Amino acid sequence: MVQGPKSVGIILDGNRRFAQRLMLNPFKGHEFGAEKVRKLVYWCRDAGITELTLFAFSLDNFHRPKKEFDYLIDLFTKEFTALLDEKEVYDHQLKINFIGRIDLFPEKVVKIMRLLMERTKNHDKFILNFAMAYGGRAEIVDASKRMINDIEQGKLSITDVTEQTFQHYLEMKQDVDMIIRTGGEKRTSGFLLWQGEYSELLFVDKLWPEFEKEDLLRCIEEFKQRERRFGR
């Protein structure tokens, strides 16, 4: 039997639809979603997962209405500021990273993101990655630009370029064992295109705020039942 996943990515889909079901302002769903993320980290740790990557805000999400965008910026500011002083982050040695073109966000959010990464950079018990202003193609393009720059500066020879070399230039350098998408849609929407080449994909009908620990455990059990052949 396959061992449980160590690195998991989750596409957090369904916040607005969840709020609409409750006849609330659709934006309110993002607050329910943020609360569920806090619980998820502990569920993953308890299940033996050591790295969690969350697709929280895509590059396409910048096209959302200004009112919703401003609401999300305020929510990100509030949630990430709280993490700066959250005791559990330090007690459990959570390393927090942000991947994506985060400089596209307002400065107040970027400042908090960079401070979180700086304060937790030496933590080594659990890695929590937030994919923000993220797109899989964009990540590959940006990595290519960094690699080409090193080649032009003589830091890297073009003959040394391999898949392993290229992966070093990605923001997230580790492969992902399993990718879960909530909300009923059955696509990855550009999430971790490189790192997820051999990820096991699981699609959950529940909306993100409805996702519970037993749903995570079911996904892990299904992962264990699959034969991971990696092309062999």
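These numbers were taken from a predicted model, which means no experiment stands behind them.
Inter-residue side-chain proximity for Ile96 and Met117 is flagged as unmet; no heavy-atom pair is nearer than 4.5 Å. You'll find the side chain of Leu54 stays beyond 4.5 Å of the side chain of Ile11, heavy atoms only. In this structure the side chain of Asp205 never reaches within 4.5 angstrom of the side chain of Glu185, judged on heavy atoms. The shortest side-chain heavy-atom distance between Met147 and Val161 falls under the 4.5 Å cut-off. Taking the side chain as every heavy atom from C-beta outward, Asp13 and Leu207 never approach each other to under 4.5 Å. Annotation: side chain of Phe130 is not in contact with side chain of Thr53 (no heavy-atom distance under 4.5 Å). Counting only heavy atoms from C-beta outward, the side chains of Tyr42 and Glu88 approach each other to under 4.5 Å. Side-chain contact between Ile180 and Leu216 is present, with at least one heavy-atom pair separated by less than 4.5 Å.
For Lys66 and Asp70, the salt-bridge test passes: some basic side-chain N is under 4.0 Å from an acidic carboxylate O. Lys206 and Glu212 are not joined by a salt bridge, as no carboxylate oxygen comes within less than 4.0 angstrom of a charged side-chain nitrogen. Contact check on Asp177 versus Arg226 returns no salt bridge, with no Lys/Arg side-chain nitrogen under 4.0 Å from an Asp/Glu carboxylate oxygen. With respect to the salt-bridge test (charged N to carboxylate O, under 4.0 angstrom), the residues Lys95 and Glu51 do not qualify.
Without hydrogens or angle criteria, Thr162 side chain to Thr165 main chain gives a donor-acceptor distance under 3.5 Å. Of the possible polar contacts, none joining the Asp46 side chain to the Trp43 backbone as a donor-acceptor pair under 3.5 Å is found. Remark: the backbone N or O of Val176 is paired with a side-chain donor or acceptor of Ser199 at under 3.5 angstrom.
For the residue pair Asp150/Tyr169, the side-chain donor-acceptor check at 3.5 Å is satisfied. For Gln167 and Trp194, the side-chain atoms include at least one donor-acceptor pair closer than 3.5 Å. A donor-acceptor pair shorter than 3.5 Å cannot be found between the side chains of Thr50 and Arg45. Using a 3.5 Å distance cut-off with no hydrogens or angles, the side chains of Asn97 and Glu171 do not pair a donor with an acceptor.
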Go through the steps for Arg218 and Glu221 under the test salt bridge (charged side-chain N to carboxylate O under 4.0 Å, His left out), then give the verdict. CA-CA 5 Å; Arg218 274 195 290 268; Glu221 284 305 310; over 6 Å; no
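Each of Glu31, Lys28, His30 was checked for a side-chain hydrogen bond (donor to acceptor under 3.5 Å, both in side chains) with Tyr71, and the lone residue meeting it is Glu31.
By the rule that hydrophobic residues join a cluster once side-chain heavy atoms approach within less than 4.5 Å of another member, Phe32 and Trp208 end up as members of separate clusters.
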